[in-house]
Each structure stands twice: as C-alpha cells, then as structure tokens.
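Notes follow once the structure below has been shown.
As a basis for the values below, the full set of heavy atoms in this structure was taken, side chains included, without hydrogen atoms, waters or symmetry mates. The sequence lines fix the lettering, A, B, ..., with proteins before strands; numbering per chain opens at 1.
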Amino acid sequence: GENVEQHPSTLSVQEGDSAVIKCTYSDSASNYFPWYKQELGKRPQLIIDIRSNVGEKKDQRIAVTLNKTAKHFSLHITETQPEDSAVYFCAVKINSGGYQKVTFGTGTKLQVIP
Amino acid sequence: EPEVTQTPSHQVTQMGQEVILRCVPISNHLYFYWYRQILGQKVEFLVSFYNNEISEKSEIFDDQFSVERPDGSNFTLKIRSTKLEDSAMYFCASSTLETQYFGPGTRLLVL
C-alpha cells in the first residue's frame with residue numbers, strides 16, 4: 001500500500017519567516033496531492049492542492065511543489081503569521097474512477113512565534 | 001457555502017455496544033469517506049463509498065465496521081461492538097472527484 005512520510009514532525013519559526021514541510025510517497029499511481037491545516041479540535045481544512053501534471057502551484061503566501069520523479073512534494077508558507085500555527089497534513093490520493101483511497105502523512109505541528 | 005455535517009458531535013458508549021455515526025455529505029458530491037483520528041495522531045483512512053458500494057477500505061475497517069447510505073442524503077458508519085481502542089474522532093468527508101471536504105467530526109469515547 002501507499003506509504004507517506006512527512007517531515008519535520010514539529011517546526012518553530014519566527015513570525016515573518018518561511019516554513020517548509022516535506023512529504024514523500026511510494027505509489028507512482030498517486031495523482032492528487034492536497035495539504036490540510038488542522039487547528040486543535042477542528043476538522044482538517046484544505047489549504048492548497050496540486051495535481052500530478054503540475055509542478056508548482058501558488059496561492060498568496062502558500063505554495064506547493066511536486067517532483068513526481070522523486071515522489072516528493074513540499075508545502076511552503078512565506079511571511080508566516082501567528083494564525084498559521086496549527087498541524088499541517090499532507091495527503092496522497094489516487095483518483096481513478098470509483099477507486100478512491102487517500103493516505104495522510106503523520107502531520108507537522110507548526111508554531112509561529114510572534 | 002454547503003458543508004458536510006455530522007451527528008452527534010460527541011458520543012460516549014460502553015465497550016461492546018453498537019454505535020452509529022451519521023453524516024450528511026454535500027448534496028452534489030459522489031464520493032463519501034470515513035476517517036478516524038486518535039488524539040494527537042494522524043488522520044487514518046477507513047473507507048470510501050461510491051455508487052452505493054464500498055470502493056476501497058483500509059485494514060482498520062474490519063468486520064466490526066459497516067457503512068450505509070440509507071437514503072439520498074445520509075451516510076452512516078456503524079461499529080457493531082465497540083472496543084476501547086475505537087475511541088477517536090471520526091470524520092466524514094465527501095468529494096466530487098478530487099477535493100474532499102470534511103465534516104466537523106464525532107468524538108467517540110468508549111468506556
């Protein structure tokens with residue numbers, strides 16, 4: 001089955017600095033890569049996603065890069081703010097008609113220090 | 001904006017009892033999912049459901065678990081005989097093809 005590794009498990013940055021979280025996966029059939037932000041006691045919220053035919057995607061302060069050959073993708077948050085503090089999960093999905101399986105990474109607890 | 005809803009928000013049950021967790025997916029979505037998250041751990045896939053049948057399930061989703069879409073709006077997860085280790089947050093999600101939207105979760109505590 002799919003194996004998703006996520007690093008680091010915790011990350012502390014000063015407000016205004018950048019944060020980078022990395023994930024690797026094993027199944028080359030995976031073709032959709034979302035990132036979720038989860039605040040304490042809340043549901044995972046999609047913050048950005050990328051499809052396998054795209055190498056990079058940006059949305060304001062958040063960007064995701066994908067290297068399909070190496071089977072890794074990264075989340076980049078620039079100009080971090082205290083409200084970015086949360087747990088971030090990467091996920092890997094195979095979209096193939098009725099076949100829908102999602103594997104989550106182990107999560108990164110991001111702390112932005114004011 | 002439409003949202004996935006779940007009931008109840010909290011459920012306390014005795015070991016060995018049956019529980020049913022309920023979800024109302026977003027109305028035009030075709031794919032439905034259940035996940036669980038043990039406190040402080042990652043989100044774990046349980047099952048996906050499409051076209052009125054299970055399309056994929058994980059090794060966690062054993063014979064104690066079942067899912068059903070009893071009508072056009074509800075999607076349920078049943079745990080037949082709960083164990084202590086079933087204590088977790090259970091999230092329902094729905095999607096068109098790709099983007100999943102999560103419900104607020106049901107916190108299940110098995111005593």
Side-chain angles (χ1 to χ4, degrees), chain A residues 1-10 21 23-25 27 29-54 57 59 64 66 86-110, chain B residues 1 3-7 9-10 21 23-26 29-61 67 75 88-109:
Chain A
E2 177 71 271
N3 183 37
V4 180
E5 295 189 1
Q6 184 172 343
H7 299 281
S9 56
T10 59
I21 304 169
C23 284
T24 60
Y25 61 99
D27 193 336
S30 299
N31 55 9
Y32 176 65
F33 308 90
W35 284 92
Y36 291 89
K37 176 183 180 182
Q38 188 178 33
E39 295 173 347
L40 193 62
K42 302 278 184 69
R43 74 187 86 187
Q45 296 266 19
L46 179 74
I47 54 171
I48 196 166
D49 56 11
I50 193 166
R51 292 162 184 79
S52 58
N53 58 347
V54 176
K57 182 176 177 181
D59 183 4
V64 57
L66 171 65
V87 179
Y88 290 81
F89 291 96
C90 65
V92 172
K93 192 168 183 238
I94 300 173
N95 286 324
S96 178
Y99 181 82
Q100 296 277 321
K101 183 170 182 180
V102 184
T103 305
F104 277 72
T106 48
T108 297
K109 185 173 182 180
L110 174 65
Chain B
E1 187 176 327
E3 283 194 335
V4 177
T5 59
Q6 287 184 245
T7 54
S9 58
H10 295 79
L21 310 183
C23 169
V24 179
I26 294 173
H29 285 185
L30 302 176
Y31 301 91
F32 315 113
Y33 313 80
W34 282 102
Y35 296 87
R36 80 172 186 192
Q37 187 176 32
I38 295 168
L39 189 63
Q41 297 187 22
K42 70 174 183 178
V43 179
E44 297 177 289
F45 171 82
L46 292 178
V47 65
S48 58
F49 192 87
Y50 169 72
N51 202 25
N52 285 319
E53 61 183 23
I54 290 174
S55 57
E56 190 66 24
K57 60 183 180 180
S58 72
E59 51 279 2
I60 302 168
F61 193 88
V67 289
F75 180 51
M89 180 75 97
Y90 288 80
F91 291 105
C92 172
S94 68
S95 72
T96 47
L97 184 60
E98 290 178 333
T99 305
Q100 295 189 4
Y101 295 89
F102 282 76
T106 293
R107 186 169 294 283
L108 176 66
L109 179 60

**OP:** Taking the side chain as every heavy atom from C-beta outward, state whether A:Leu46 and B:Gln100 have any pair of such atoms under 4.5 Å apart.
**Re:** no
Which bit of [X] comes within less than 4.5 Å of chain A, counting heavy atoms only: side chain, backbone, both or neither?
X       : answer
B:Val4  : backbone
B:Tyr35 : side chain
B:Phe91 : side chain
B:Thr99 : both
B:Phe49 : neither

Would you name the heavy atoms of [X] and [Y] that are closest together and state the gap between them?
X       : Y        : result
B:Thr5  : B:Pro104 : CA-CD, 4.2 Å
A:Gln38 : A:Pro44  : NE2-CD, 3.9 Å
A:Val54 : A:Leu66  : O-CD2, 3.6 Å

Original post:
Is chain B contacted by the side chain of A:Lys42, its backbone, both, or neither, given a heavy-atom distance below 4.5 Å?
Top reply: backbone
Original post:
Ion pair present between A:Lys37 and A:Glu39, side-chain N to carboxylate O less than 4.0 angstrom?
Top reply: yes
Original post:
Would you say the side-chain atoms of B:Ser58 and B:Glu44 include a donor-acceptor pair closer than 3.5 Å?
Top reply: no
Original post:
Looking at B:Glu59, B:Lys57, B:Glu3, which one has more heavy-atom pairs under 4.5 Å with chain A than the rest?
Top reply: B:Glu3
